[in-house]
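Note sheet for the following structure.
All values below come from the heavy atoms of this structure, side chains included, with hydrogens, waters and symmetry mates left out. Every number for a ligand or one of its atoms is a count from 1 in the order of the listing.
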Amino acid sequence: MNGTLSVVATPIGNLEDITLRALRTFKECDVIYAEDTRVISKLLARYEIKKPLQRLDAATELKKAEEISLRLEAGEKVVFVTDAGTPGISDPGARLVRHIRTSSEGGSTSGGNGSGIKIETIPGPSALTAALSVAGIDATEFTFLGFLPHKKGRQTALKKIAESEIPVVLYESPHRILKLMAELGSIQVERVVIARELTKIYEEVLTGEPSELARVLEEKGGARGEFVVIIPRN
Ligand code: SAM
């Protein structure tokens, strides 16, 4: 029996940002594992697709990976999605995929592994690439650091940013965006690009000094929304 694990990218805001292949994969699968079943439910409802849903988040990833492994061995078509964008980019997915690859005998071959189980990507949006596409900076090369560590390792990460010779891209939550602007100012970063609420009604790209952007965000009624922060290098 040859099961398939489809790792599917989903919208980062606008529900129209879903590929035809992703929709077909949803329609043809046996079960969808999602980081949050309520989020995927909205997308499925929009396209009138009904499928059994299971939760797989960071806390349950390895336990659910075992379960998925059994389903794949039984020949099922399993989909995995996270809350937004491309699974595995600063959210769950890597441990699931690694588990399926290594637990199937025979190691890696063209389709995924020697057992006949297929692992496929259904690519689509990611906040990382969406932000870079409208930032207006040369992104021939860049460093992606995802979310900076909250405590231990944060200073080391900031030092890395200060010393980087290529653009650095970060994800940041609304709770910490103002703190991050203050920290970037303190390491003499002169220009920052903030891509906020991409693909949503209040999508905007702000460019300026970190202190200036902090002020702009506060003036707009507080730092709400979702943010990608880019520290360009000229
Ligand atoms: N896997 C996702 C991807 O491919 O982009 C990222 C998941 S990570 C848990 C969520 C973070 O991505 C948010 O905190 C924010 O930094 C960024 N993000 C997600 N959606 C966004 C959007 N619509 N606009 C700006 N940033 C977004």
Side-chain angles (χ1 to χ4, degrees), residues 5-19 21-22 25 32-40 42-43 46 55-61 79-98 120-137 139 142-150 154 157-158 161 167-181 183-184 192-207 210 213-214 216-217 220-232:
L5 172 64
S6 305
V7 181
V8 182
T10 56
I12 58 168
N14 188 323
L15 293 187
E16 289 183 7
D17 293 331
I18 188 76
T19 68
R21 193 165 160 236
T25 304
I32 299 175
Y33 280 75
E35 190 180 2
D36 186 334
T37 53
R38 289 164 301 184
V39 177
I40 189 68
K42 281 187 199 143
L43 181 66
R46 168 73 180 263
R55 189 178 174 114
L56 185 162
D57 56 20
T60 58
E61 190 168 355
V79 162
F80 173 59
V81 295
T82 49
D83 285 353
T86 300
I89 310 297
S90 296
D91 55 18
R95 287 183 296 164
L96 165 66
V97 171
R98 196 181 317 124
E120 66 177 10
T121 177
I122 312 291
S126 176
L128 166 65
T129 46
L132 286 170
S133 75
V134 288
I137 64 154
F142 61 88
T143 300
F144 176 57
L145 296 182
F147 293 101
L148 292 187
H150 297 170
R154 193 168 178 95
L158 286 167
I161 294 170
V168 177
V169 187
L170 307 174
Y171 284 164
E172 193 49 282
S173 75
H175 317 290
R176 291 193 186 78
I177 189 80
L178 296 178
K179 177 177 183 240
L180 178 65
M181 289 304 112
E183 289 169 328
L184 292 178
V192 170
V193 179
I194 292 182
R196 178 191 201 185
E197 294 288 83
L198 295 170
T199 77
K200 303 183 197 176
I201 298 172
Y202 297 108
E203 168 174 330
E204 63 182 346
V205 176
L206 306 166
T207 306
L213 294 192
V216 171
L217 289 175
K220 283 173 183 282
R224 283 198 294 266
E226 299 200 90
F227 302 89
V228 179
V229 176
I230 304 174
I231 300 103

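R55 is linked by a salt bridge (charged side-chain N to carboxylate O under 4.0 Å, His left out) to D57, counting only residues two or more places apart in sequence or in another chain. Annotation: ring pair (Phe, Tyr, Trp, His ring centres under 6.0 Å) contacts of Y171 (sequence neighbours excluded): F144, F147.
At a threshold of 4.0 Å, the pair E16-R46 counts as salt-bridged, since one of the basic side-chain nitrogens sits closer than that to a carboxylate oxygen.
When every heavy atom of V193 is checked against every heavy atom of A135, the shortest pair comes out as CG1-CB, 4.1 Å. The nearest pair of heavy atoms linking T86 to G124 is OG1-O, 3.9 Å.
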Give one line per pair: atom of ligand 1, protein atom, distance. Only N/O to N/O under 3.5 Å.
{"from": "ligand 1", "atom 1": "1 (N)", "to": "A84", "atom 2": "O", "distance (Å)": "3.3"}
{"from": "ligand 1", "atom 1": "1 (N)", "to": "T86", "atom 2": "O", "distance (Å)": "2.9"}
{"from": "ligand 1", "atom 1": "1 (N)", "to": "I89", "atom 2": "O", "distance (Å)": "2.9"}
{"from": "ligand 1", "atom 1": "1 (N)", "to": "D91", "atom 2": "OD2", "distance (Å)": "2.8"}
{"from": "ligand 1", "atom 1": "4 (O)", "to": "T86", "atom 2": "N", "distance (Å)": "2.9"}
{"from": "ligand 1", "atom 1": "4 (O)", "to": "S126", "atom 2": "OG", "distance (Å)": "2.8"}
{"from": "ligand 1", "atom 1": "5 (O)", "to": "S126", "atom 2": "OG", "distance (Å)": "3.3"}
{"from": "ligand 1", "atom 1": "5 (O)", "to": "A127", "atom 2": "N", "distance (Å)": "2.7"}
{"from": "ligand 1", "atom 1": "5 (O)", "to": "Y171", "atom 2": "OH", "distance (Å)": "2.8"}
{"from": "ligand 1", "atom 1": "16 (O)", "to": "E172", "atom 2": "N", "distance (Å)": "3.4"}
{"from": "ligand 1", "atom 1": "16 (O)", "to": "F227", "atom 2": "O", "distance (Å)": "2.6"}
{"from": "ligand 1", "atom 1": "20 (N)", "to": "E226", "atom 2": "OE2", "distance (Å)": "3.4"}
{"from": "ligand 1", "atom 1": "23 (N)", "to": "I12", "atom 2": "O", "distance (Å)": "2.9"}
{"from": "ligand 1", "atom 1": "23 (N)", "to": "L198", "atom 2": "N", "distance (Å)": "3.4"}
{"from": "ligand 1", "atom 1": "23 (N)", "to": "L198", "atom 2": "O", "distance (Å)": "2.9"}
{"from": "ligand 1", "atom 1": "24 (N)", "to": "L198", "atom 2": "N", "distance (Å)": "2.9"}

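Residue pairs satisfying the salt bridge (charged side-chain N to carboxylate O under 4.0 Å, His left out) criterion with at least one member in residues 81-98, sequence neighbours excluded, are listed as follows: E61-R95.
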